[in-house]
Structure formats: structure tokens, C-alpha cells
Amino acid sequence: MKKVLATEKAPAAIGPYSQGVRGGDYVFISGQLPIDPATGEFAGEDIVSQTKQSLTNIKSILESEGLSMANVVKTTVLLKNISEFGAMNEVYASFFEGECPARAAFEVAALPKNALVEIEAIAYCGK
């Protein structure tokens, strides 16, 4: 079973992909840029505000499927500058309580729209 997820509470895809897709017991959330869906612009110019918005977008997509951040089992964080890992990590930690998901974080040469961060997630929705 494949179900495409879409919510107006997260930015629309800017290319040929979906905000998220549910496949069986898993939800795969596409990389979320720090775009505020209300304005279509970045939530801010710093890593703290951009990380918060990227994770808020993930949370909104999960909520559209009746899930929460507690369902997340894996994330990938792409950073424009790995030296901002600490600041990103502080915001990231505020979105997860108790057992945190597995995670990888990488510095990349560039991100779409010159963002500072992009975050993707996989959530488990089985029992």
C-alpha cells in the first residue's frame, strides 16, 4: 500500500516529489527545507530558526497522518556548515522526548534555495 501525504501546514514540494509517502507501516518524509508554509520564505536566516522550521514541517506532515515525532525512527540532517551542528542539535533535541531516533548528519556543498539545513525523516506507524 502506498499513500501520498500532503498538508497545507508544510511547504508544497518544489519539484517532482511528495511531502511524504506512507508505505505499509512506515512513513517517509522528504527532506524539509526551513520554509514557512504561510509565507513561502525561510523562517529566518540563522541555523536555529531554520532547524526549528524544518522540524516543524516534519511534525506537521506526520500529524496529517495521525502521527507524532515519537513515531520517528530515523532522520538525516544536511547542513551547509557542520560547524553549526551544536546549535542545530540543541533545537533538534527539543523536538524529541525520551528515546531519540537514529540519525546521520552531513555537511553538504549546497542545499536548495541556499538553505542552511534540510532534514528528512522515517517514521514507524505499526504497533
Next on the checklist: Test side-chain contact (heavy atoms from CB on, under 4.5 Å) on V117 and K80; report intermediate values, then the result.
Outcome noted: CA-CA 6 Å; V117 65; K80 184 175 180 181; over 6 Å; no
Item to check | Criterion salt bridge (charged side-chain N to carboxylate O under 4.0 Å, His left out) on R22 and E65, from CA distance to verdict | outcome: CA-CA 9 Å; R22 182 172 182 160; E65 189 64 10; 3.0 Å; yes
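At most 12 non-hydrogen atoms from other residues, nucleotides or ligands lie less than 6.0 angstrom from CD of E90.
Side-chain atoms of Q32 do not come within 3.5 Å of backbone N or O of L55 as any donor-acceptor pair. N71 places a side-chain N or O within 3.5 Å of a backbone atom of S68 that can act as its donor or acceptor partner. In this structure, the side chain of T76 does not engage the main chain of E120 through any donor-acceptor pair within 3.5 Å. Between the N57 side chain and the L33 main chain, a donor and an acceptor come within less than 3.5 Å of each other.
I122 and V27 fall into different hydrophobic clusters, where Ile, Leu, Val, Met, Phe, Trp and Tyr residues are linked whenever their side-chain heavy atoms come under 4.5 Å apart, directly or through other members. Put simply, Y17 and I35 are part of the same group of oily side chains (I, L, V, M, F, W, Y) that touch within less than 4.5 Å, one to the next. Residues L67 and F28 are members of separate hydrophobic clusters, defined by side-chain heavy-atom contacts under 4.5 angstrom among Ile, Leu, Val, Met, Phe, Trp and Tyr. Under the 4.5 Å side-chain heavy-atom criterion for ILVMFWY residues, no single connected hydrophobic cluster contains both I82 and L78. I29 is connected to F96 through a chain of hydrophobic side-chain contacts under 4.5 Å among Ile, Leu, Val, Met, Phe, Trp and Tyr, so both are in one cluster.
The line from CD of E8 to OG of S64 is 11.5 Å long, rounded to the nearest 0.5 Å. Atoms OG and CG, on S49 and L116 in that order, are 8.0 Å from each other to the nearest 0.5 Å. Note that OG1 of T51 and CZ of F85 are 10.5 Å apart. Values are rounded to the nearest 0.5 Å. Taken to the nearest 0.5 Å, the CZ atom of F42 stands 7.0 Å off from the NZ atom of K113. Rounded to the nearest 0.5 Å, atoms CD (Q50) and CD1 (I119) are 10.5 Å apart. To the nearest 0.5 Å, atom CD of residue E118 and atom CG of residue L79 are 11.0 Å apart.
You'll find the side chain of F95 reaches within 4.5 Å of the side chain of T56, heavy atoms only. Contact check for I47 versus M88: side-chain heavy atoms found under the 4.5 Å cut-off.
Nearest heavy-atom pair, P37 versus A10, reported as atom, atom and distance to 0.1 Å: CB-C, 3.6 Å. When every heavy atom of S60 is checked against every heavy atom of T7, the shortest pair comes out as O-CG2, 4.0 Å. Nearest heavy atoms, Y26 versus C125: N-SG, 3.9 Å.
Sorted by first then second residue, the salt bridge (charged side-chain N to carboxylate O under 4.0 Å, His left out) pairs that include residues 27-53, not counting sequence neighbours, number zero.
Cation-pi geometry between R103 and Y92 is satisfied (NZ or CZ under 6.0 Å from the ring centre, within 45° of the ring normal).
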